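All ligand and atom numbering here is 1-based and tracks the order in the structure. Every value quoted in this text rests on a predicted model; they were computed, and no experiment measured them.
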Amino acid sequence: MEIRNFIDGKWMIDDGLSTVPVVNPANGEQLANVPLSTKAQVDEAVAAAKKAQKAWALVPAPKRADFLYEIGFKLKEKKEYLAQILTKEMGKVIEEARGEVQEGIDMAFYMAGEGRRLFGETTPSELADKFAMSVRAPIGVVGLITPWNFPIAIATWKAFPAIVSGNTVVWKPATETPLMAYEMAKIFEEVGLPEGVANVVFGAGSTVGTAMIEHPDVKVISFTGSTETGSKVAELGGKHLKKVSLEMGGKNAVIVMDDANLQLAVEAIIWSAFGTAGQRCTACSRVIVHKDVKTELESMLVKSIGQLTIGDGLDPTVKVGPVINQGALEKINRYVEIGKKEGANLLVGGRALTAPPFDKGYYFEPTIFTDVQNDMVIAQEEIFGPVVSIIEVSSLEEAIEVNNSVKFGLSSSIFSQDINKIFKAQRDLDTGIVYVNAGTTGAEIHLPFGGTKGTGNGHRDSGQAALDVYTEWKSIYVDYSGKLQRAQIDTEN
Ligand SMILES: NC(=O)C1=CN([C@@H]2O[C@H](COP(=O)(O)OP(=O)(O)OC[C@H]3O[C@@H](n4cnc5c(N)ncnc54)[C@H](OP(=O)(O)O)[C@@H]3O)[C@@H](O)[C@H]2O)C=CC1
Ligand SMILES: O=C(O)CCC(=O)C(=O)O
């Protein structure tokens with residue numbers, strides 16, 4: 001199958017472009033070819049988006065929202081079909097793929113609801129016969145750059161709030177996982193979204209992403225990906241005075257206190273560390289455990305890991321699928337070797353699986369290191385694979401300090417039954433998301449999603465907060481006194 005760019009409501013025939021294969025990480029099967037677009041396609045897409053934007057902004061927001069409802073219904077109708085493709089291109093197990101498509105459906109309906117809200121403010125004026133209000137105004141053409149680990153959900157977190165608030169979008173999906181974007185473009189076409197409102201341009205980040213950021217008609221860049229790439233995006237965006245929203249890496253921890261329900265903590269750690277083979281920015285990659293329960297927690301974790309089936313995510317009995325590609329496998333392996341050299345003890349796992357039936361895909365055993373010191377590389381850097389470090393602490397204060405000592409600030413979690421400890425922790429943990437008696441993953445789409453420090457730059461995806469990325473506040477004063485009333489004139493003296 002040849003994937004095509006979707007620009008101005010049309011499928012482009014870019015015969016001159018080179019292509020790269022899209023590969024199923026579970027078994028090496030070639031699924032499609034994706035074009036490597038150039039600046040020329042970006043220019044075309046941005047021109048189409050710019051042309052469409054003025055008219056789109058004048059469509060009443062509830063009518064814009066009607067398209068999102070239609071998109072939501074289509075996603076629902078195609079949920080199983082899309083989930084199967086998602087598992088094939090990205091590797092996550094089918095129940096997680098269904099969950100991801102569901103996030104897209106939820107986001108479509110949630111943001112469609114915004115078409116009848118998009119609340120502004122009215123306030124009293126200082127002056128008589130004067131009305132004061134503020135409204136959200138669209139910004140223009142928005143560029144979206146998305147990663148491979150959530151190839152549909154993250155795009156919906158960005159595209160839907162942008163579209164409902166009157167912007168038009170140019171979306172560059174990750175080259176590794178273009179099929180979800182291709183399917184989404186088909187849905188844009190099927191629901192009759194006006195030409196140019198949503199455009200999809202496939203290709204390498206260094207070419208297509210850069211061309212989008214540098215384009216003078218792209219006013220906002222919304223990026224999710226690694227901290228390394230995000231900082232390049234911010235630098236280039238800053239140079240071109242773009243509004244840039246960044247969601248980047250994480251080094252998330254589950255804190256297990258001495259009074260925790262250990263069974264619950266174990267289930268949460270297993271799910272949030274090894275779900276999606278650890279390739280979530282919210283994945284648990286550190287367990288910060290109170291010394292009094294460390295040994296018991298470790299033996300429960302080892303027992304639980306033994307029950308995880310590894311394999312092709314399309315098999316419903318499989319709990320841990322492959323990682324995305326050979327490069328990821330090698331990166332995870334490197335970190336495991338570093339951990340061993342640093343003196344951490346390998347409790348379980350630690351190897352890539354290369355013998356049949358795993359030899360055609362990219363599989364890594366769920367891995368736990370224990371006796372990890374907080375300053376070790378494996379305790380500080382994002383590994384983005386199924387590897388967890390256990391760090392022992394003696395108090396809640398120490399647990400919070402360890403949690404906060406990394407350069408990232410996305411998600412954290414505490415297991416305790418003591419309300420005082422829980423409230424202290426939710427106040428002092430410095431991440432954008434805090435879970436209590438639950439793992440570090442599983443964000444809901446109607447709350448802000450994002451993090452502090454090296455994870456973000458102050459913006460958020462999802463929830464009402466996402467609207468702040470795609471709108472400008474406009475304050476409007478209407479004077480109906482019929483005379484010139486001068487504000488800011490002090491008449492008292
Ligand atoms: N905080 C959050 O919300 C989330 C963060 N992440 C983070 O994303 C990372 C994994 O995703 P991954 O795709 O590898 O991340 P990358 O940063 O490599 O890529 C993300 C996107 O940026 C593009 N890109 C690459 N280079 C540039 C560039 N110079 N200019 C503009 N765009 C560029 C990529 O394109 P291409 O690859 O096609 O070349 C891709 O579409 C992890 O670090 C993870 O923590 C993931 C999900 C959520
Ligand atoms: O697990 C979650 O809450 C969402 C994770 C996510 O979006 C990501 O890892 O990219």
S.K.: Compute the centroid of each ring, for Phe6 and then for Trp171, and state whether the two points are separated by less than 6.0 Å.
M.R.: no

S.K.: Mind checking whether Glu176 has an N or O less than 3.5 Å away from an N or O of ligand 1?
M.R.: no

S.K.: Using the six-membered ring wherever Trp is involved, compare the ring planes of Phe384 and Trp148 and label them parallel, tilted or perpendicular (cut-offs 30° and 60°).
M.R.: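 Ring orientation of Phe384 relative to Trp148: perpendicular.
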
S.K.: Name the closest protein heavy atom to atom 37 (O) of ligand 1, giving the residue it belongs to and the distance to 0.1 Å.
M.R.: Thr175 N, 4.3 Å

S.K.: What's the shortest distance from atom 12 (P) of ligand 1 to any protein heavy atom, and which residue and atom give it?
M.R.: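 That would be Trp148 NE1, 3.3 Å.
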
S.K.: Looking only at protein heavy atoms, which one is nearest to atom 5 (C) of ligand 1, and what is the separation?
M.R.: Met248 O, 2.9 Å

S.K.: What I want to know is whether Lys172 and ligand 1 share at least one N or O pair that is separated by under 3.5 angstrom.
M.R.: yes

S.K.: Against heavy atoms of Ile145, which atoms of ligand 1 measure under 4.0 Å?
M.R.: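 In order of numbering, the contacting atoms are 21 (C), 22 (O), 23 (C), 31 (C), 32 (N), 41 (O).
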
S.K.: What protein heavy atom sits nearest atom 10 (C) of ligand 1, and how far away is it?
M.R.: Phe384 CE2, 3.5 Å

S.K.: Count the heavy atoms of every other residue, nucleotide or ligand shown that sit under 6.0 Å from NZ of Lys79, and state whether that count exceeds 12.
M.R.: yes

S.K.: Which protein non-hydrogen atom lies closest to atom 39 (O) of ligand 1, naming both residue and atom, and how far is it?
M.R.: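 Result: Gly205 N, 2.8 Å.
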
S.K.: Do Val469 and Pro161 come within less than 4.5 Å of each other through their side chains, counting heavy atoms only?
M.R.: no

S.K.: Which residue and atom name correspond to the protein heavy atom nearest atom 41 (O) of ligand 1, and how close is it?
M.R.: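 Atom 41 (O) of ligand 1 sits closest to the protein heavy atom Thr146 O, 2.7 Å.
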
S.K.: Run the side-chain contact (heavy atoms from CB on, under 4.5 Å) test against Ser231 and tell me which residues pass, sequence neighbours left out.
M.R.: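 Ser231 satisfies side-chain contact (heavy atoms from CB on, under 4.5 Å) with no residue once adjacent residues are dropped.
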
S.K.: Is the closest side-chain heavy-atom distance between Phe449 and Cys281 below 4.5 Å?
M.R.: yes

S.K.: Can you name the side-chain contact (heavy atoms from CB on, under 4.5 Å) partners of Lys172, sequence neighbours left out?
M.R.: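 Lys172 satisfies side-chain contact (heavy atoms from CB on, under 4.5 Å) with Ile145, Thr175, Val208, Met212 only.
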
S.K.: Mark up the atoms of ligand 1 that fall under 4.0 Å of a heavy atom belonging to Ala204, in ascending order.
M.R.: 39 (O)

S.K.: For Gly454, is there any backbone N or O sitting under 3.5 Å from a side-chain donor or acceptor partner on Thr227?
M.R.: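 Confirmed, Thr227 side chain pairs with Gly454 backbone.
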
S.K.: Between ligand 1 and Phe150, can you find any atom pair, the residue atom being a heavy atom, that is separated by under 4.0 Å?
M.R.: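 Phe150: no contact with ligand 1 (<4.0 Å).
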
S.K.: Would you check if Tyr470 and Val142 make a side-chain contact, meaning some heavy-atom pair closer than 4.5 Å?
M.R.: yes

S.K.: May I ask you to list the atoms of ligand 1 that are less than 4.0 angstrom from any heavy atom of Glu382?
M.R.: 42 (C), 43 (O), 44 (C), 45 (O)

S.K.: Check if Ile154 has a non-hydrogen atom at a distance under 4.0 Å from any atom of ligand 1.
M.R.: yes

S.K.: Between Thr455 and ligand 1, does any nitrogen or oxygen pair lie at a separation below 3.5 Å?
M.R.: no

S.K.: Measuring only between side-chain heavy atoms, which start at C-beta, is Pro173 closer than 4.5 Å to Val200?
M.R.: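 SC-SC contact between Pro173 and Val200 confirmed.
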
S.K.: Please list, by chain and number, the protein residues whose heavy atoms come under 4.0 Å of ligand 2.
M.R.: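 Within 4.0 Å of ligand 2, the protein residues are Asn149, Phe150, Ile154, Trp157, Arg280, Cys281, Thr282, Thr441, Gly442, Ala443, Phe449.
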
S.K.: List for me each residue that meets side-chain contact (heavy atoms from CB on, under 4.5 Å) alongside Ala204, sequence neighbours excluded, and say none if there are none.
M.R.: Ser206, Thr207

S.K.: N/O of Thr229 under 3.5 Å from N/O of ligand 1, yes or no?
M.R.: yes

S.K.: Are Met1 and Leu31 close enough that some pair of their side-chain heavy atoms sits under 4.5 Å apart?
M.R.: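 Result no, sub-4.5 Å side-chain heavy-atom pair not found.
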
S.K.: Taking the side chain as everything from C-beta on, heavy atoms only, tell me whether Tyr363 gets closer than 4.5 Å to Leu329.
M.R.: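 The answer is no; the side chains never approach within 4.5 Å.
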
S.K.: A side-chain contact here means heavy atoms from C-beta on lying under 4.5 Å apart; do Leu467 and Glu114 qualify?
M.R.: yes

S.K.: Would you say the rings of Phe358 and Phe364 are close, in the sense that their centroids are separated by under 6.0 Å?
M.R.: no

S.K.: Is the closest side-chain heavy-atom distance between Thr431 and Leu410 below 4.5 Å?
M.R.: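 Answer no - side chains too far apart.
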
S.K.: Please list, in number order, the atoms of ligand 1 under 4.0 Å from a heavy atom of Pro147.
M.R.: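 Selected atoms, number and element: 11 (O), 13 (O), 46 (C), 47 (C).
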
S.K.: Using a strict cut-off of 4.0 Å, indicate which atoms of ligand 1 neighbour a heavy atom of Gly203.
M.R.: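 Once the distances to Gly203 are compared, the set is 38 (O).
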
S.K.: Number the atoms of ligand 1 from 1 as they appear, then name those within less than 4.0 Å of a heavy atom of Thr224, with their elements.
M.R.: 2 (C), 3 (O), 4 (C), 5 (C), 6 (N), 20 (C), 46 (C), 47 (C), 48 (C)

S.K.: For atom 2 (C) of ligand 1, what's the nearest protein heavy atom and its distance?
M.R.: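 It is Cys281 SG, 3.1 Å.
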
S.K.: Which residue holds the protein heavy atom closest to atom 7 (C) of ligand 1, what is that atom called, and what is the gap in Å?
M.R.: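 For atom 7 (C) of ligand 1, the nearest protein heavy atom comes out as Gly225 O, 3.1 Å.
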
S.K.: Can any side-chain N or O of Lys219 pair as donor or acceptor with the backbone N or O of Pro216 at less than 3.5 Å?
M.R.: yes

S.K.: Using a strict threshold of under 4.0 Å (side-chain N to carboxylate O), is an ion pair present between Arg460 and Asp468?
M.R.: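 No, this pair does not count.
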
S.K.: Number the atoms of ligand 1 from 1 as they appear, then name those within less than 4.0 Å of a heavy atom of Ala174, with their elements.
M.R.: 38 (O), 41 (O)

S.K.: So which of Ala211, Ala181, Ser226 gets nearest to atom 17 (O) of ligand 1, if we judge by its closest heavy atom?
M.R.: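 The residue whose heavy atom sits nearest atom 17 (O) of ligand 1 is Ser226.
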
S.K.: Is there any N or O on Asn149 that sits under 3.5 Å from an N or O of ligand 1?
M.R.: no

S.K.: Going by distance only, is there an N or O of Trp157 that falls short of 3.5 Å from an N or O of ligand 1?
M.R.: no

